Amino acid sequence: MKTITHVIQDPLGLHARPAGLLAKAAAACGDCTVNLTFKDRTVDAKRIMGLMKLGAKQGDTLTITCEGENEDAAAASMESFLKENL
Amino acid sequence: MIQGTGLPVFPGVAIGPAFVHETAKLELPTAWGSAAEERQRFTDAKAQAQAQLQTLLEETAARLGQEHAMILDVQIMMLDDLDYVEAIEARIDGGDSAAHAVQETGEEFAEVFASMDDEYMKARSTDVRDVSRRVVEILCGFSSAMTMDVPGVLLAEDLTPSETVQLPKDKILAFVTRKGSANSHTAILARTMGIPSLVAADVDLSAIHSGDTVIVDGFTGQCYIRPDESTLAEMTAKQAEAQTAKEALEAYRGKETRTAKGRKVKLYTNIGSPDDVELVLKNDGEGVGLLRSEFLYLGRDTYPTEEELYTAYRQVVEGLQGRPVIVRTLDIGADKQADYFQLDAEENPALGLRGVRLCLSRPELFRTQLRAIYRASAHGPVSMMFPMIASLWEVQEVKALCKTIREELTAEGVAIGDVPLGVMIETPAAAVISDTLAHEVDFFSVGTNDLTQYTLAADRQNSALGRYCDPKHPALLWLLQRIADSAHAAGIWCGICGELAADATMTNTLMTMGYDELSVSPAQVLKIRKAISESEVVSQ
C-alpha cells in the first residue's frame, strides 16, 4: 500500500470541479483501489459526490492511499495530479 | 392592463408577446418492468442525459463562456458518480421503477448537500435536483425544453440553471421571474445577455396568457401586461429613446477617458459582489472605485472566515484582469447589519457605531478583513479605503493596524502587494480637515450621499426630505472644492464614488474642480465618459 498526503492549495478547496477531476484521475488508476481520508472520514476517490461531501477547504490535509495492482504507478499519478490541480 | 413590480437587473425597455413558462408536474409511471429492464432503461436514460448535457456544454461554452459551462460539466460527472448510480440501482432492485428511483435518490442526495456547512456546497443541491430531473424527464418521455417561434418576453416562476442555459436565447427579449434575486442564475444571464429583466416580480402568472403583450421597464422595475394604448405609446417612445441614447454612447466604448482639453480622468465603477465584475468588463469600466465589502457579511448566520473573504476578493481581483480595485472596508451599522453582529439598537444609527468606528471597536473583525484584503493584493492592484472617518486619530489608528498586519503577513511568508490606503470623505469634519488628512493617505474618495446628509442634516432615507437633501447645495460644492484642493496641495489624487459622480449635469463642475476619478455604477460608464469628454477644463 502506498500513502500520499497533500495540503489543498486551491482557494476554493475540494469543490465540485476539482472533485470531478480528482474522481476522473482516480478512475484512471484502473483496478487499483484509491481511497481518500480527510479528518476521520475515508471515501472512495473515484466517487465525486463523496469527495464533495467531505467539504475539504484550502489548507486542509488529504491522505490518499493506493492499494492493489500497479499501486506505485497509481500513487505517482495521483501525486502529480494533486500537485497540478489542487 | 395588469401592472407588476420587480427588482430590475438590467436597464432598458422590452416590448413583446408573453411566453409563460411552466415547469410541468412530471407524471411518474404507474406500471413498469422487471428490475433488469428498469436497470437497462436507467442506463440508457443516463447516457442520453449525458449526451444532452455535453451538447449544451459545448453550446454554452461558445456562447456564454467557460464559466457558465462549468456547471454542466459538474452535472455530467455527477451522473457517473458510483454512490449515486448504486443508490439508484439498489432502489430498482428493491422494486422501484427507474423514474422513481432517480427521483428519490436525487432528492436524498440534494438534501445532504443542502445541509452542508458551506454556502457553495449548499447551492450544489440545485445541481443534483436539476440533473436528476433531466434523467426522470427522459424516462417519462417528457421534454421541458422550450421553443419560441417569435421573439418574446419569458415569464416564469423561476428558472433552473439547466433551463437558463438551454433557453432559445436569440428569441428572448426580457425575463420576468417571480422568484430569484440579483444574483440568481436568471439575473446573471440577463446581465450577460444585456436584456432588461425583472426578478422577484409580483405578477400573477395564471392571469397571463402566452401571446399577451408585455412591456418590461428595466429602468424602473415596472412591467405591464396587456397595456392600454397610452402606456404602450409612452413605453414605445421610452424604448426608442433608450435605444438612440445607447447607440450614441457606443462611440465611447474602448476610448480613453479625457476631458476636451486632454486631461486624463479615471472612470471606475461601484460594485457589490464578485458577480458584478462581468458588468464592469462588459460596460468598459477602467477599474473598481468602490467595492462594497458588506456582501460577504450580510444574509448569513456567522462571521465569514478569512479564507472566504480572501477567495471572494481574489475572485474580484483576478476577474478584473489587471484593472485596479479599491476595497472599502466593512461599512455596517445598526441600520444595516446581520443578527450575529449583535449590535445594540441605536436611537440614531446614522450617527452611531458604524463604518470604521465599528471596526476599531472590534479589532478581530477588522483584522480578519484586512488580512484577506492584503492577501488578495498579491493577485493584482488593490487599494483600500475606510468609511466614516471624522478625525485624524482614526486614520492614524487604522494605518498602524494595517502596518502591523503587513508585517505579520510578511513574517509568515505570505505574498502581498503594495496597497495604497485612502479615506472616504463623507463627514463634514473630514472635508474640513482634508488638508491634514491628505498628508496621511494616498487618495480621497468622496461619498457624496452621506456627505450630503451629514452636511445638510437631512436624513437621506426620509422621502419627505427630498428637496432638503440637495447634493448641489452651495455648502456641498464648497466642501467638494476644498477636498480637491487639499488633495492636490498634498500631491494625492481625489475621486467621487457617490451618486453625484453619475449625474452628467454635474460632470463639468466636478472636472473644473479638478477631480481625478469618478466611480459610477457599471451601466453609467459610457454616459459619464461622454460627459467627461465634453467637459471643458484646462489641461493640468
Side-chain angles (χ1 to χ4, degrees), chain A residues 6-62 64-68 74 77-78 81-82 84-86, chain B residues 66-67 69-88 105-106 108-128 131-132 161 274 305-318 372 375-376 378-379 412 414:
Chain A
H6 178 76
V7 178
I8 300 179
Q9 308 296 322
D10 190 317
L12 291 172
L14 190 50
H15 274 178
R17 198 174 167 76
L21 295 172
L22 176 61
K24 278 185 184 170
C29 297
D31 289 337
C32 180
T33 305
V34 184
N35 283 330
L36 187 148
T37 306
F38 170 59
K39 290 187 179 155
D40 53 351
R41 291 161 67 193
T42 297
V43 298
D44 179 351
K46 296 177 185 178
R47 305 184 178 205
I48 178 177
M49 305 243 212
L51 292 172
M52 285 169 67
K53 285 182 207 159
L54 291 174
K57 306 264 186 356
Q58 183 181 30
D60 286 340
T61 304
L62 305 175
I64 287 110
T65 57
C66 300
E67 190 166 16
S77 79
M78 289 309 295
F81 169 83
L82 290 168
E84 271 170 46
N85 296 288
L86 205 64
Chain B
Q66 283 298 334
E67 207 55 20
M70 200 194 90
I71 210 77
L72 297 167
D73 198 20
V74 169
Q75 290 195 358
I76 292 174
M77 291 192 274
M78 284 177 167
L79 280 178
D80 270 331
D81 180 73
L82 290 174
D83 286 342
Y84 179 73
V85 171
E86 284 167 8
I88 291 168
T105 305
E108 193 183 295
F109 276 68
E111 271 163 29
V112 174
F113 281 111
S115 67
M116 279 177 77
D117 175 27
D118 176 328
E119 293 308 316
Y120 171 89
M121 285 299 175
K122 275 189 182 152
R124 299 284 69 76
S125 62
T126 319
D127 291 304
V128 182
V131 78
S132 302
T305 63
E306 181 182 321
E307 278 319 303
E308 280 177 84
L309 294 168
Y310 163 68
T311 303
Y313 299 151
R314 179 178 168 181
Q315 221 180 319
V316 173
V317 173
E318 292 185 337
R375 285 175 58 195
H379 305 282
E412 290 168 27
V414 176

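Just so it is clear, the values below take in all heavy atoms, side chains as well, and ignore hydrogens, waters and symmetry mates. Please read these numbers as outputs of a predicted model, since none were measured by experiment.
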- Could you go step by step and tell me if A:Lys57 and B:Glu307 meet the side-chain contact (heavy atoms from CB on, under 4.5 Å) rule? CA-CA 9 Å; A:Lys57 306 264 186 356; B:Glu307 278 319 303; over 6 Å; no

- Message: Which one wins on heavy-atom pair count under 4.5 Å against chain A: B:Val74, B:Leu82, B:Val128?
- Response: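 If we count pairs closer than 4.5 Å to chain A, B:Leu82 comes out on top.
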
- Checking heavy atoms, do the side chain of B:Met78, its backbone, both or neither come under 4.5 Å from chain A? both

- Using non-hydrogen atoms only, which part of B:Asp83 is less than 4.5 Å away from chain A: side chain, backbone, both, or neither? both

- Contact residues of residues 39-56 of chain A (partner chain B; heavy-atom separation under 4.5 angstrom): A:Arg47, A:Ile48, A:Met49, A:Gly50, A:Met52, A:Lys53, A:Gly55

